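Scroll down for the structure; my scribbles are underneath it.
To find a chain, count down the sequence lines: A is the first, B the second, and so on, and within it residues start at 1. All values derive from a computational prediction rather than experimental measurement.
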Protein chains: 2
Amino acid sequence: MKTVREGKAQILVPELREIVSSDMPVFYNPKMRVNRDLAVLGLAYLCSKLGRELMVADPLSASGIRSIRFLKETDCVGKVFANDINEEATRIMKENFRLNEIPADRYEIHREDANFFLRKSWGFGFDYVDLDPFGTPVPFVESVALSMKRGGILSLTATDTAPLSGTYPKTCLRRYGAKPLRNEFKHEVGIRILIKKVIELSAQHDIAMVPIFAYSHLHYFKLFFVKDRGAKLTNSLMEQMGYVLYCFNCMNREAVFDVLKIKEFCPVCGTRFSVGGPMWLGKLWDEEFTDFLFREAQEREEVSKETKRITSLIKEESGLQTVGFYMVSKLSEKVGIPQQPPIRKVVDFFEGVRTHFEGDGFRTKLSHRDVLEKSCELKGIIERRFKGGVR
Amino acid sequence: MKTVREGKAQILVPELREIVSSDMPVFYNPKMRVNRDLAVLGLAYLCSKLGRELMVADPLSASGIRSIRFLKETDCVGKVFANDINEEATRIMKENFRLNEIPADRYEIHREDANFFLRKSWGFGFDYVDLDPFGTPVPFVESVALSMKRGGILSLTATDTAPLSGTYPKTCLRRYGAKPLRNEFKHEVGIRILIKKVIELSAQHDIAMVPIFAYSHLHYFKLFFVKDRGAKLTNSLMEQMGYVLYCFNCMNREAVFDVLKIKEFCPVCGTRFSVGGPMWLGKLWDEEFTDFLFREAQEREEVSKETKRITSLIKEESGLQTVGFYMVSKLSEKVGIPQQPPIRKVVDFFEGVRTHFEGDGFRTKLSHRDVLEKSCELKGIIERRFKGGVR
């Protein structure tokens, strides 16, 4: 065993050769640091919002690191319910709670199938649930939604980004009932498909899971949802589903809510469209929540630099919530810009914002025709400068 | 309490004023006789197919009538697992098993939430599951699919026909993630949407639920599925989803698998299409299964007349599996036929088959243009006869 520090917690982690059970594929993954930082910040938001003691669930807890960070880094947790089906995990978890000197009345450790744990005793009782499964969260979503209080927040991780982003489209179709798009904003499409599924599975029970934050990383997607109830609000979510038409020739993209409005051919270049969806076409970020995460991240010492960077970038991005974005490299390739201009200049040129999804990605309000036209303009400017430099 | 006979079973049923718990909305519904007849016949098919002792589950058992009929009217049931969360139900159920002299080793009675019952101890173990919930089956579908053996059959009832058939389209969208169509074949659309949902919820787990029989009644839909496993087969089911475009002016209908092929306007009359779906566009009936139900129903004394009639009609219908059908009354109204001709004549005239969905409904291979043209022809014939009769 070795001791690892993260945030204000320290935990015992078995070294790889000590792990006796294959049920623990990744017991503690240091690459998930940003993910856990965000989970703590999301809980801090709920604390500030509700101003009372909260019931928190960590149904796939593994080392217990999240639960311990929740208790040590926020001031409103009444009790944390940490669960893992693996016996070794619950044993180490117990040690970790003791190591961090958490009082016994502040946590409960359970060893059950996560769905049973969620549905059994705490129906409609959790204020905050952090769900971080190995792979897809789909098998747990309904149980989570049912286990939560109205106004509660779900902090959700998905590591099956490959199917969602178009590497395995058939798996995506089976698991999510939607077609992905393997284009420059494939990760955004993946996140929108995941949101659709979460909303859909909850809507079956007249539960409205309202997406309030999305973050894409190479290996995982991180989402936050607020739980609400009632037919009307749930309808309004279901009505924000639709398809994205994408032209792999000229990069034109159109979001279509009404399937009758779907066109077969790109009106800009005449190529046959490709289609992704159905997916969530609504907002990815609630401005208030996003702003809180940004401010709180900057203020906290225990939060990683990467988390500070990401929340700042996403705060900018949340100011212009388009469906899809552009990548400077792809545009440059398309119109033949000889040298890729820096992203900040491009963002200003297109009156847009940066996106955290891709290093050289940006969002703009401009129509696709205008983007193509301005790209050619940009090409002219750069070519003149380039020639000037050579002379 | 009163005693009721149905099939080869007799059961005790509390009279309405005796029912102490509101958890038992309809304890024994005599209107569901056909439904239970079909459930017995479906099990008889599986008996003949597998030729071994079967494990049968009745997760929402109420009076136990189904379980008892399964045991008395088929010869392959190893054991029936009857479950109901209601204490009064399990108590009466016990009496009913005793009343019918079922040996104690042939049944188990459980009192649990149906989802817990299905997932808990018998994972992947049931050969035959009969699911007859109050309202929608959606909350139980995944648990059922997970609880079944490969090659097993699910006998499924849904009583929420109103949302599925377009009376409450928003409820349909929330619960099933699809838009219904309130046209002449709205019940068929409802059944196809229900099938989509069952396939979709199972596909999440790489389980293929293959629809093999559909029956629509005013108050409920009855479906049978065979459970299979594997990505390839599940993909092939997911690929048979699509939309139905319907013209409320000229009754034109088109089934569209590829969303890019969706048209906004009816090519026959130019009116804006309405759209239903996504839904299952594949076959509703497996011919072998349908034929077995028909033959078996005719041979069995204990099967009701209505079941004999329905299975005969559906056997005919299964010979021409179109998406959507026509109603003679609607066509007559449209083209102005003065007197509605008898359905049998119409079926011959359009080279079609009857449908059990509507008394005056029929399916035909003809294109919509041909149907309209032949309807005018039919009008001419009838008008000439009509005038002849008046003279």
**Study point:** Contact leader toward chain B among V259(A), T234(A), L201(A), where contacts are heavy-atom pairs under 4.5 Å
**Key:** V259(A)
Review point. Who among T136(A), V138(A), D206(A) has the most heavy-atom pairs with chain B under 4.5 Å?
Key: D206(A)
**Study point:** Contacting moiety of I199(A), where chain B heavy atoms sit under 4.5 Å
**Key:** neither
Point to revise | Side chain / backbone / both / neither for Y243(A) at chain B, heavy atoms under 4.5 Å | key: side chain
Revision key, fill the gap. Checked R175(A), Q204(A), R174(A) vs chain B; the most non-hydrogen pairs under 4.5 Å come from R174(A)
Exercise for review: Check the angle between the aromatic planes of F126(A) and F117(A) and answer parallel, tilted or perpendicular using the 30° and 60° thresholds.
Suggested key: parallel
**Study point:** Ion pair check, R150(B) and D228(B), cut-off under 4.0 Å
**Key:** yes
Review point. By a 4.5 Å heavy-atom criterion (distance strictly below it), what part of N115(A) contacts chain B: side chain, backbone, both, or neither?
Key: side chain
Exercise for review: Could you check Q240(B) against K283(B) for side chain to side chain donor-acceptor pair (under 3.5 Å), going step by step and ending with a plain yes or no?
Suggested key: CA-CA 9 Å; Q240(B) 291 180 70; K283(B) 285 169 69 173; over 6 Å; no
Check your understanding: Can you list the steps and then say if N83(B) with L60(B) is a side chain to side chain contact (heavy atoms under 4.5 Å, CB included)?
Key -> CA-CA 6 Å; N83(B) 177 73; L60(B) 300 156; 5.8 Å; no
Check your understanding: Is it the backbone or the side chain of L245(B) that comes under 4.5 Å from a heavy atom of chain A, or both, or neither?
Key -> side chain
Point to revise | Y168(A) OH: over 12 foreign heavy atoms closer than 6.0 Å | key: no
Check your understanding: So which of V275(A), I262(A), N235(A) has the largest heavy-atom pair count under 4.5 angstrom toward chain B?
Key -> N235(A)
Check your understanding: Relative to chain B, which of M238(A), E142(A), K263(A), M241(A) shows the most heavy atom pairs under 4.5 Å?
Key -> M238(A)
Point to revise | V268(A)/R369(A) under side chain to side chain contact (heavy atoms under 4.5 Å, CB included): CA gap, chis, key distance, verdict | key: CA-CA 7 Å; V268(A) 172; R369(A) 278 179 210 272; 4.0 Å; yes
Check your understanding: With a 4.0 Å cut-off, would you call K179(B) and D258(A) a salt bridge?
Key -> no
